[in-house]
Amino acid sequence: MGRNDRASFGSKLGVILASAGSAVGLGNIWRFPFETGNHGGAAFILVYIGCVLLMGIPIMIAEFVIGRRSRANTARAYQILAPGTHWRWVGRMGVLAGFLILSYYSVVAGWTLEFIGEAATNSFAGKTADGFIAAFNSFTGHPWRPALWLVVFLLATHFIVVRGIEKGIERASKIMMPMLLLLLLILAVCSVSLPGAGKGIEFLLRPDFSKVNGDVLLGAMGQAFYSLSLGMGCLCTYASYFRNDTNLPKTAFSVGCIDTAVAVLAGIIIFPAAFSVGIQPDAGPSLLFITLPNVFQQAFGGLPVVAVVLSVMFYVLLALAALTSTISLHEVVTAYLHEEFSMTRNRAAWLVTGGCIVLGIVCSLSLGIGKEYTLFGMTLFDLFDFVTAKIMLPAGGLFISLFAGWYLDKKILWEEISNRGTLKVSVYRILVFILKFVSPVAIAGIFINELGLLK
Ligand code: TRP
């Protein structure tokens with residue numbers, strides 16, 4: 001395909017919503033609360049917001065620049081902007097990270113489908129906290145149910161990706177994002193007014209900085225990259241479909257704000273509810289799936305119809321939010337295979353879907369019947385999460401920052417950021433400074449600290 005006849009997004013709102021659709025997903029609503037819970041609450045959230053501002057948004061702008069300038073998949077992008085250099089490995093590592101994330105992410109996305117069914121049949125009614133925990137464990141330990149949902153979810157992703165950019169991705173995002181936000185607001189109000197919710201609010205708002213250590217820093221940094229879909233060329237690939245008049249800094253800022261708002265809102269829903277029913281905030285990946293049914297049950301137990309309608313709506317929207325994220329992950333790998341190995345888009349997409357189904361099923365089984373098999377003390381599921389979120393994405397972010405800050409011609413950087421001089425960008429100098437020094441030093445510092453090299 002020539003460089004000028006690639007598909008593109010149809011409107012400015014479509015650009016923001018599709019990027020926000022990629023960013024907002026299980027990372028915000030499922031992963032953010034459990035990472036916050038594992039790392040002690042309020043202080044983690046503040047460190048997280050710092051990471052979004054100092055690394056997330058600047059690196060997102062850098063990815064946008066690389067993608068729109070090159071108008072190619074993420075591996076080719078570096079070959080176009082830095083021919084004959086090793087920078088293309090940054091793109092390739094990103095494609096691999098995308099494939100790994102998509103595999104285990106689809107497992108959790110599949111869980112949301114099971115929960116739509118549970119919500120619709122009102123099976124949350126009358127359960128206690130222990131009952132929810134037991135039900136969740138028996139579901140994830142089931143030999144084939146989670147695998148079945150995973151396959152359904154990956155096939156849904158597959159067919160949207162095959163339909164292409166404007167029709168599939170853009171249209172889907174435009175409807176779903178605003179609905180999700182509205183429902184989250186309603187749930188936040190419900191959760192905060194549960195009996196005993198105060199402790200959860202305190203957990204979210206009163207920072208204890210004595211708890212901030214290397215793990216907290218690494219966790220917050222990893223979460224920022226994960227939640228903003230950064231460090232692996234995902235938004236870079238989307239930006240290759242942006243229009244020439246898309247305002248890159250403004251889009252990045254909007255996406256960063258929407259994404260952070262959704263994550264914080266998810267925290268406001270989960271923690272008051274968890275404390276209210278006595279579920280530990282560090283319950284890990286199961287946190288969302290055992291606290292939320294409780295919120296529905298406690299807040300609306302007396303009104304079964306309301307409980308069913310709201311909970312079904314919630315899980316449907318959660319599944320859709322996950323879908324706009326899996327689409328973006330899938331698209332990175334599909335665009336790479338399609339453009340680099342001259343296969344049809346259809347065939348490339350099938351390869352990705354097939355590979356992820358196999359790897360996803362293995363991840364899913366590693367939480368159930370394969371629990372005893374661990375590597376570095378982690379199940380395969382946890383290992384994939386750790387390696388991608390806490391190593392590959394920040395490392396990718398580090399290289400992207402260095403690429404845009406040091407390697408890339410400043411003329412190109414300026415042209416893309418200011419749309420060839422037609423935009424006034426007051427933050428340009430600060431941005432270059434952050435990309436050159438602040439984010440690379442911060443990321444490298446957190447890595448070095450975590451490896452224990454400073455001790
Ligand atoms: N950001 C998405 C979420 O929060 C997940 C995701 C999509 C992602 N694309 C990504 C994570 C690229 C890392 C990199 O759910």
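Read the numbers this way: they start at 1 and go in the same order the structure lists the ligands and their atoms.
Between F136 and W111, a ring centre-to-centre spacing shorter than 6.0 Å is recorded. For W30 and F34, the gap between ring centers is short of 6.0 Å. Two rings, from Y238 and F242, have their centers 6.0 Å or more apart. For F32 and Y48, the distance between ring centers is under 6.0 angstrom.
Of the heavy atoms in S229, both backbone and side-chain atoms come closer than 4.0 Å to ligand 1. Contact annotation: for V332 versus ligand 1, there are no heavy atoms closer than 4.0 Å. When heavy-atom distances to ligand 1 are checked against a 4.0 Å cut-off, S325 comes that close through both its backbone and its side chain.
Less than 4.0 angstrom separates some heavy atom of G27 from each of these atoms of ligand 1: 3 (C), 4 (O), 15 (O). Of all atoms in ligand 1, listed by their number and element, those nearer than 4.0 Å to a heavy atom of S328 are 7 (C), 9 (N).
Of all heavy-atom pairs between R345 and V161, the closest is NH2-O, 2.9 Å. The two residues I29 and L288 come nearest to each other via the heavy atoms O-CD1, 3.7 Å.
No donor-acceptor pair under 3.5 Å is formed between the side chain of S401 and the backbone N or O of G397. Formation of a donor-acceptor pair under 3.5 Å by the S191 side chain with backbone atoms of A188 is not found in this model.
On a distance-only criterion, L393 and ligand 1 share no N/O pair closer than 3.5 Å. Distances between N or O atoms of F225 and those of ligand 1 include no value under 3.5 Å. For the pair L26 and ligand 1, the shortest N or O to N or O distance falls below 3.5 Å. Considering both main-chain and side-chain atoms, N28 comes within under 3.5 Å of ligand 1 through a nitrogen or oxygen pair.
The option from A23, G233, A20 that lies nearest to atom 3 (C) of ligand 1, judged by heavy atoms, is A23.
Note on ligand 1: Y105 sits in its first shell, one or more heavy atoms being nearer than 4.0 Å.
Ranking protein heavy atoms by distance to atom 12 (C) of ligand 1, first place goes to M232 SD, 3.2 Å. Summary of contacts: the protein heavy atom closest to atom 11 (C) of ligand 1 is Y226 O, 3.1 Å. The shortest contact between atom 2 (C) of ligand 1 and any protein heavy atom is with S22 O, 3.2 Å.
Judged by the 6.0 Å and 45° rule, R347 forms no cation-pi pair with W350.
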